[in-house]
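Here's the structure, in structure tokens; my notes come after.
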Amino acid sequence: MISEFRSFIAKGNVVDLAVGIIIGGAFTGIVNSLVNDVVMPVVSVVAGGIDFSNYFFPLNSSVTATTLEAAKEQGAVFAYGKFVTVLINFLILAWIIFLMVKGVNRIRANEEKKPPEASPAPPPADVQLLTEIRDLLKTR
């Protein structure tokens with residue numbers, strides 16, 4: 001059972017999946033930093049200094065805070081600003097994955113367009129005939 005488990009783990013698909021998950025986790029941090037530290041400040045400046053992270057709608061009258069964290073402590077809130085940030089994260093990630101898949105597809109298409117390696121030319125007719133005669137003599 002242990003050797004069967006070892007062979008299962010050693011299969012390429014399982015290892016590839018594990019590598020993909022680890023790289024995906026690291027990639028998530030990169031995308032979050034890109035959105036929070038690069039894209040959202042630019043969007044905020046273009047939109048007139050809007051900070052999406054503190055956009056919320058209080059769901060009861062006891063919420064009077066002006067920041068999302070303080071409002072959450074006072075009661076239930078609908079934090080649509082965080083949703084906008086997460087949506088932008090998703091769109092950036094989807095765009096990057098689309099570009100990666102497009103690149104891989106282009107590479108595969110170029111590989112398929114390459115002409116197959118030429119097989120060696122058949123020997124001349126007289127050499128083929130002599131080869132057949134030799135083979136016939138061997139069998140007798």
Side-chain angles (χ1 to χ4, degrees):
M1 187 144 119
I2 291 174
S3 64
E4 187 178 351
F5 179 71
R6 187 178 301 139
S7 67
F8 169 74
I9 292 298
K11 285 184 180 177
N13 294 342
V14 174
V15 174
D16 292 344
L17 179 62
V19 169
I21 289 170
I22 292 168
I23 289 176
F27 193 65
T28 299
I30 292 170
V31 171
N32 285 338
S33 176
L34 176 67
V35 170
N36 295 331
D37 302 331
V38 177
V39 174
M40 292 309 286
V42 172
V43 170
S44 177
V45 168
V46 169
I50 297 173
D51 179 14
F52 288 105
S53 63
N54 281 316
Y55 273 35
F56 63 92
F57 180 75
L59 296 178
N60 62 32
S61 60
S62 66
V63 177
T64 59
T66 57
T67 65
L68 180 60
E69 294 305 317
K72 282 184 176 181
E73 291 175 8
Q74 292 178 349
V77 294
F78 181 69
Y80 65 91
K82 275 193 153 183
F83 176 76
V84 168
T85 303
V86 171
L87 182 63
I88 291 173
N89 275 351
F90 170 77
L91 292 174
I92 290 172
L93 183 61
W95 178 253
I96 291 171
I97 291 172
F98 167 74
L99 292 177
M100 289 171 45
V101 169
K102 186 175 179 179
V104 169
N105 287 342
R106 182 177 294 142
I107 290 170
R108 284 184 183 165
N110 288 340
E111 289 294 322
E112 290 175 2
K113 287 181 184 176
K114 287 183 181 177
E117 294 183 20
S119 58
D126 58 340
V127 174
Q128 285 181 351
L129 182 60
L130 288 171
T131 304
E132 289 176 18
I133 291 172
R134 181 198 65 203
D135 293 344
L136 287 172
L137 289 174
K138 280 185 183 178
T139 59
R140 288 187 179 194

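Numbers here are sequence positions counted from 1. Just so you know, these numbers use all the heavy atoms, side chains as well, and skip hydrogens, waters and symmetry mates.
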For atom [atom1] of [X], decide whether the heavy atoms of other residues, nucleotides or ligands shown that lie under 6.0 angstrom number more than 12.
{"X": "R134", "atom1": "CZ", "value": "yes"}
{"X": "F57", "atom1": "CZ", "value": "no"}
{"X": "Y80", "atom1": "OH", "value": "yes"}

Practice item. Quick one: name the residues clustered hydrophobically with F83, using the 4.5 Å side-chain heavy-atom rule over I, L, V, M, F, W, Y, and just say none if it's on its own. Key: L87, F90, L91
Point to revise | Apart from W95 itself, residues in the same hydrophobic cluster as defined by side-chain heavy atoms under 4.5 Å | key: F98, L99
What distance do [X] atom [atom1] and [Y] atom [atom2] have between them, rounded to the nearest 0.5 Å?
{"X": "L136", "Y": "K138", "atom1": "CG", "atom2": "NZ", "result": "11.5 Å"}
{"X": "Y55", "Y": "L68", "atom1": "OH", "atom2": "CG", "result": "13.0 Å"}
{"X": "I30", "Y": "L34", "atom1": "CD1", "atom2": "CG", "result": "9.5 Å"}
{"X": "I23", "Y": "I21", "atom1": "CD1", "atom2": "CD1", "result": "11.0 Å"}
{"X": "N105", "Y": "K102", "atom1": "CG", "atom2": "NZ", "result": "10.0 Å"}

So which atom in [X] and which in [Y] form the shortest heavy-atom distance, rounded to 0.1 Å?
{"X": "K72", "Y": "V77", "result": "CG-CG2, 3.8 Å"}
{"X": "A71", "Y": "V63", "result": "CB-CG1, 3.6 Å"}
{"X": "P122", "Y": "Q128", "result": "CB-NE2, 3.9 Å"}

Review point. Can you tell me if T28 uses its side chain to pair, donor with acceptor, with the backbone of G24 under 3.5 Å?
Key: yes
Check your understanding: Taking only residues two or more places apart in sequence, or in another chain, which ones meet V84 in a side chain to side chain contact (heavy atoms under 4.5 Å, CB included)?
Key -> F52, I88
